[in-house]
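First up is the structure itself, then whatever we jot down about it.
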Amino acid sequence: MTEQTTRPNPHRDDEDDHPDVVVSVGTDHHAFDRLVRWIDDYARRHPELSILVQYGHGSAPERASGVPFLPGDELTEAMRHARVVVAHGGPGTITQARSAGRMPIVVARDPELEEHVDDHQLLFVERMEGAGRIRGCSTAQQLHTFIDKALASPEDFRVAPETDGGAERAALRAGELIDLVTDGATTEPVTPTAVVDDTWPEVTVVVPTRGRPELLRRTLRAVAEQDYPGRVTTIVVFDNDRPDPSLALDEGERRVEVMTNTQTPGLAGARNTGVLAAVTDLVAFCDDDDTWLPDKLRAQVEIMRSEPGTDMVCCGIRVVYDKVESERVLDRTSVSFGDLLGSRLTELHPSTFLIRRSAMVDGCGAVSEEIPGSYAEDYELLLRLARRGPIRNIPEAGVRVLWHRKSFFAERWQTISTALRWLLRRYPEFRLVPRGYARITGQIAFAEASAGRRGRALRWIGTTLRARPTEGRAYLAFLVICGVPPGWILRMLHLRGKGV
């Protein structure tokens, strides 16, 4: 929402009726009263100025109720014409201001004042200020002084708009910005240290299930047949389905427990039910239609034993679709937060996850149950864990992943679109990486087109092509709009071990 805090400048021409100062509070649910109060104080002392305050996509504070919503593209335009831009510490807003050619004056939220803030946002502001990309301030006096300076010498607060002028230039810019938000994470191979403990820790495998009894039993057999010297306990979590107590096994080194989902209905809640029930330090995930190869678990635990600081280990996969098998293996041993912003890295499939339980329960949090329909909940967990430190990867296939028409998310287009839009709001850092941002907006365009929402699909296609003109998903979405069945496109991609 927006609010014009003062009357327009009477000295301006009608054709140049743009605000002098644009302030982006950038929040839907968390008030930033301190910044708004500082701006109000400044506006009262400068009634000759036109000052515009932009809130997030939700409801604005009561003082601004009834004022029309200002879309994101109009905010960029307002920033481009404003003499001064003031922003909160969100990466997306800062990048938006710089893309409009303005060096923003940034006021970051203060956790000591109980203003909602993420650690990565504070780190981002600190790094951007150190790099000379913003003007940071922490008091009302500093803010007012910077605004005065910007009005007096606007050339000092202007920058060359950050555009994607060529693949090499975009890659260099993305790499520079990613480095600012990854806190030095590296993708260089990690050299294992000597194993100190000769014992093999017990591992808990969480298997969510619903309506796949035959596939589930095959999955459980593959876990039981692991070439792993330690004990393995499998927790089968039935989600919106009647549990099968005959699967339980309470003896030997391959125990099986059966329970129902006690958290939010859906895949995320089912995974969390198993994680919370686990009593082991190591927790693995496996979908009920996938199977582990015999040495998968041993190879991963060996890394966990030798690297106590590692929170997560993944491996490659073999995708099976319509009797065609394709291998997807990531040719690196470490993955950073920046890597995951640029690509989903499909090779890091949830059925390959081996995680220290403490990293979730006492660290970054369990699987998000806020994501609509639990779609991409595995990707969101990867992003959070990668913020803590690099994710280790074994560049060999360890899981056979079955893609088929009964997959929970096959053709749930509205859920997919809603969940991906949620992901973009939750991680504004995607805007720093054109390739990663366009990948997600292209998926949204494809989902909207497949759902028959032609107008929305065209808008998302435009968003995608503006971010990255070579993004193939935008053109696939356009094919769907032109009448090509989305199922046919998916089938052609799946036969090559790929998805949209």
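The shown structure was predicted, so the numbers you read here are calculated from the model rather than taken from an experiment. All heavy atoms count here, side chains included; hydrogens, waters and symmetry mates do not. We're numbering straight along the sequence, starting at 1.
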Qualifying ring pair (Phe, Tyr, Trp, His ring centres under 6.0 Å) pairs with a residue from [range], counting only residues at least two apart or across chains:
range	value
residues 237-275	none
residues 439-472	Trp413-Phe446
residues 289-315	none

Just by modelled atom types, is the [Y] backbone N or O under 3.5 Å from a matching donor or acceptor in the [X] side chain?
X	Y	answer
Gln226	Leu297	yes
Thr219	Leu215	yes
Arg384	Ala366	yes
Arg298	Asp227	yes
Arg305	Thr199	yes
Glu202	Glu253	no
Arg254	Ala224	yes
Tyr427	Leu341	no
Asp239	Arg210	no
Asn272	Gly269	no

_On a heavy-atom basis, which atom in Ala278 and which in Val283 lie closest, and how many Å separate them?_
CB-CG2, 4.1 Å

*If you take all heavy atoms of Asp287 and Ser351, which pair is closest and at what distance?*
N-OG, 3.0 Å

Could I get the full list of salt bridge (Lys or Arg N to Asp or Glu O under 4.0 Å) partners for [X], not counting sequence neighbours?
X	result
Glu257	Arg255
Asp281	Arg356
Arg221	none
Asp241	none

_Would you say Thr280 and Thr204 are linked by a side-chain donor-acceptor pair, where the criterion is simply a distance under 3.5 Å?_
yes

Which distance, rounded to the nearest 0.5 Å, do you find between the [atom1] of [X] and the [atom2] of [Y]?
X	Y	atom1	atom2	result
Gln300	Asn393	CD	CG	9.0 Å
Thr352	Lys296	OG1	NZ	6.5 Å
Ile481	Leu458	CD1	CG	4.0 Å
Arg435	Arg468	CZ	CZ	6.0 Å

*asked:* Test salt bridge (charged side-chain N to carboxylate O under 4.0 Å, His left out) on Glu307 and Arg392; report intermediate values, then the result.
replied: CA-CA 10 Å; Glu307 301 174 15; Arg392 290 282 275 113; 3.0 Å; yes

*asked:* Among residues at least two apart in sequence or on other chains, which ones pass side chain to side chain donor-acceptor pair (under 3.5 Å) with Glu325?
replied: Arg400

*Not counting sequence neighbours, which residues clear side chain to side chain donor-acceptor pair (under 3.5 Å) with Thr291? List them please.*
none

_Residues which pass ring pair (Phe, Tyr, Trp, His ring centres under 6.0 Å) with Tyr228, listed by chain and number, not counting sequence neighbours_ = Trp200

*Which residue pairs satisfy the side chain to side chain donor-acceptor pair (under 3.5 Å) criterion with at least one member in residues 450-459, sequence neighbours excluded?*
Glu448-Arg453

Pair up each side-chain donor or acceptor in residues 311-319 with any protein partner under 3.5 Å, not counting sequence neighbours, and list the distances.
{"residue": "Asp311", "atom": "OD2", "partner": "Arg388", "partner atom": "NE", "Å": "2.9"}
{"residue": "Asp311", "atom": "OD2", "partner": "Arg388", "partner atom": "NH2", "Å": "3.3"}
{"residue": "Arg318", "atom": "NE", "partner": "Glu327", "partner atom": "OE1", "Å": "3.4"}

*Go through Glu369 and Ser374 one step at a time and tell me if the side chain to side chain donor-acceptor pair (under 3.5 Å) criterion holds.*
CA-CA 7 Å; Glu369 298 179 24; Ser374 291; over 6 Å; no

_Quick check with a 6.0 Å cut-off and a 45 degree axis cone: is Arg271 positioned over the face of Phe285's six-membered ring?_
yes

*Take Arg357 and Asp362 through the salt bridge (charged side-chain N to carboxylate O under 4.0 Å, His left out) test and state the conclusion after the steps.*
CA-CA 8 Å; Arg357 183 177 181 274; Asp362 303 319; over 6 Å; no

